[in-house]
**Q** 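I have a structure here, written as structure tokens, and I will follow up with some questions on it.
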Amino acid sequence: MKLSIITVNLNNLEGLKKTYESIVSQTFTDYEWLVIDGGSTDGSREFIEQHQDKFAYWCSEPDKGIYNAMNKGIAKAKGEYLNFMNSGDIFVCKDIVKKVFSEQYTTDIIYGLQLAKEGNHIVPINITKKLNWYELFCKTIPHQASFIKRSLFMSVGVYDENYKVLSDWKWFIEAVIYHGATYTHYPKPVSFVDGGGISSTNLLSLERKRLIPEIFPKNMSDEDRGVFIKLYFIRSHKWAYFLFKALGVMAWKIDKFKQKYFSKKSVMSYSR
């Protein structure tokens with residue numbers, strides 16, 4: 001089987017219905033669908049039971065959070081690649097999965113663009129074709145627009161359940177940078193994400209501060225760590241980014257960090 005789609009849900013019946021319509025309308029058929037519900041009381045369980053013939057596996061029981069639910073799905077999945085399409089999120093069109101897998105891949109991760117609504121605008125969430133530590137620190141691979149080899153979870157490990165919103169960000173950094181996972185960029189929109197949910201809360205910034213010391217190279221000096229965080233601030237503010245880029249400071253500083261800490265040779269030179 002080529003693909004396992006894993007959907008986690010908790011008291012989001014209307015979102016689950018949207019995701020259901022998106023997945024069952026796909027023209028791609030070589031997939032299984034797993035629904036992990038956290039013991040919903042809003043009618044989600046009844047909806048799942050009503051349509052259980054569409055699911056290879058489903059459960060509705062209390063869990064320890066989003067990533068605990070995703071890890072349950074990983075444990076039950078049988079596909080070569082896994083996609084995580086949360087309730088409320090959808091594929092951009094009925095042919096997109098078929099288009100993605102019209103090519104033969106050997107890479108560990110396939111990732112496309114993701115669309116999200118910001119106010120009255122639809123904006124693309126994307127990351128560069130060539131990934132490096134700095135890009136993955138500033139952004140992340142769009143989760144719902146990615147297809148991850150199931151075997152990669154065996155070598156990297158599953159999602160860290162100590163985090164509520166950023167464990168996939170941490171996982172992608174560890175997979176690509178520290179485990180050398182291969183990847184392919186699919187240059188078109190794959191998914192449209194629901195703007196709500198836990199990831200839109202201030203937990204995002206709180207968890208980032210907590211997570212940074214874990215994913216920084218242990219051999220980075222305190223001085224360099226401080227400079228790197230300042231670079232991240234610059235990257236996060238467009239006016240500062242374009243000013244420093246125009247002055248040539250950005251590229252020089254980033255190249256210094258890449259060579260010193262994030263090249264393949266330097267990553268392999270120390271143990272995490």
Side-chain angles (χ1 to χ4, degrees), residues 1-8 19 22-23 26 28 30-34 36 66-67 69-75 77-93 95-116 123-133 135-160 163 165-195 197 199 204 215:
M1 183 174 296
K2 179 60 72 174
L3 177 65
S4 295
I5 301 172
I6 298 171
T7 296
V8 301
T19 305
S22 174
I23 292 175
Q26 288 299 306
F28 182 82
D30 190 14
Y31 76 90
E32 63 172 3
W33 188 10
L34 301 90
I36 313 298
I66 293 171
Y67 295 109
M70 289 182 180
N71 288 340
K72 286 182 182 182
I74 293 169
K78 298 178 181 177
E80 180 183 358
Y81 284 92
L82 308 186
N83 169 266
F84 297 87
M85 191 63 64
N86 298 335
S87 61
D89 302 328
I90 60 175
F91 289 111
V92 293
C93 66
D95 298 320
I96 188 58
V97 180
K98 186 175 182 179
K99 288 177 179 177
V100 170
F101 286 105
S102 63
E103 299 181 29
Q104 295 297 317
Y105 299 96
T106 58
T107 47
D108 296 316
I109 302 168
I110 308 157
Y111 64 95
L113 282 71
Q114 188 162 281
L115 302 179
V123 296
I125 300 171
N126 191 23
I127 194 168
T128 56
K129 295 179 182 179
K130 189 174 181 180
L131 301 177
N132 56 57
W133 200 98
E135 291 298 326
L136 285 170
F137 179 74
C138 294
K139 300 181 181 180
T140 189
I141 294 174
H143 204 193
Q144 290 90 327
S146 65
F147 303 88
I148 306 166
K149 268 194 175 178
R150 181 165 55 93
S151 59
L152 192 57
F153 286 99
M154 299 176 189
S155 56
V156 177
V158 295
Y159 295 117
D160 186 343
Y163 293 93
V165 295
L166 286 179
S167 188
D168 54 301
W169 178 56
K170 178 188 178 187
W171 189 90
F172 280 126
I173 289 175
E174 292 179 337
V176 174
I177 301 302
Y178 299 113
H179 290 264
T182 57
Y183 54 86
T184 298
H185 181 257
Y186 182 81
K188 296 178 181 178
V190 170
S191 61
F192 186 94
V193 298
D194 189 343
S199 62
L204 202 67
I215 57 176

**Q** Let me confirm one number: the CH2-OG1 distance from Trp171 to Thr140, rounded to the nearest 0.5 Å.
**A** 10.5 Å
**Q** If we ignore hydrogens and angles and just use 3.5 Å, is the side chain of Thr7 paired with the main-chain N or O of Ser87 as donor and acceptor?
**A** no
**Q** Among Tyr31, Phe153, Phe101, which residue meets the ring-ring contact (aromatic ring centres under 6.0 Å, His included) test with Tyr81?
**A** Phe101
**Q** Would you call His143 and Phe172 a side-chain contact if the rule is heavy atoms closer than 4.5 Å?
**A** yes
**Q** Do you know the tightest heavy-atom contact between Pro142 and Gly112?
**A** CG-O, 3.6 Å
**Q** Any donor-acceptor pair under 3.5 Å linking the side chain of Thr19 with the backbone of Ile90?
**A** no
**Q** Using 0.5 Å steps for rounding, measure from the CD1 atom of Ile66 to the CG atom of Asn71.
**A** 12.0 Å
**Q** Roughly how far, to the nearest 0.5 Å, is the CG atom of Leu3 from the CD1 atom of Ile148?
**A** 11.0 Å
**Q** Below 4.5 Å, heavy atoms only, C-beta onward: do Asp30 and Met1 meet side chain to side chain?
**A** yes
**Q** On the 0 to 90° scale, with breaks at 30° and 60°, tag the Tyr111-His185 ring pair as parallel, tilted or perpendicular.
**A** perpendicular
**Q** Closest approach of Ala181 and Ile109, non-hydrogen atoms and distance?
**A** CB-CD1, 4.4 Å
**Q** Hey, does the side chain of Tyr159 reach the backbone of Tyr67 with a donor-acceptor pair shorter than 3.5 angstrom?
**A** no
**Q** Please confirm whether the backbone N or O of Thr106 pairs with a side-chain atom of Lys149, one donor and one acceptor, at under 3.5 Å?
**A** yes
**Q** Could you tell me whether a side-chain N or O of Arg150 sits under 3.5 Å from a main-chain N or O of Leu82, the two making a donor and an acceptor?
**A** no
**Q** Using modelled atom types and a 3.5 Å cut-off, is there a donor and acceptor pairing between side-chain atoms of Gln26 and backbone atoms of Cys93?
**A** yes
**Q** Ignoring hydrogens and geometry, is there a side-chain-to-backbone donor-acceptor pair from Ser102 to Lys99 under 3.5 Å?
**A** yes
**Q** Drop me the distance from Phe84's CZ to Ile6's CD1, to the nearest 0.5 angstrom.
**A** 4.0 Å
**Q** Could you check whether any side-chain heavy atom of Asp89 comes within less than 4.5 Å of a side-chain heavy atom of Ser191, counting everything from C-beta outward?
**A** no
**Q** Which atom pair, heavy atoms only, marks the closest approach of Asn86 to Val8?
**A** OD1-CG2, 3.2 Å
**Q** Quick one: closest heavy-atom pair of Pro124 and Leu113, and the distance?
**A** CB-CD2, 4.3 Å
**Q** Would a 4.5 Å heavy-atom cut-off, applied to side chains only, mark Ile141 and Leu136 as touching?
**A** yes
**Q** When you measure from the side chain of Tyr105 to the backbone of Ile110, do you find a donor-acceptor pair of N or O atoms at a distance under 3.5 Å?
**A** no
**Q** Find out whether Tyr183 and Lys130 are in side-chain contact, i.e. whether some heavy atom of one side chain is under 4.5 Å from a heavy atom of the other.
**A** yes
**Q** Taking Asn83 for its side chain and Ile5 for its backbone only, find out whether a donor-acceptor pair lies under 3.5 Å.
**A** no
**Q** What is the minimum heavy-atom distance between Pro189 and Ile96, and which atoms define it?
**A** O-CD1, 3.5 Å
**Q** Determine whether a donor-acceptor pair (N or O, by modelled atom type, separation under 3.5 Å) exists between the side chain of Gln114 and the backbone of Gln144.
**A** yes
**Q** Can you see which heavy atom on Asp160 is nearest to which on Ser167, and at what distance?
**A** N-OG, 2.7 Å
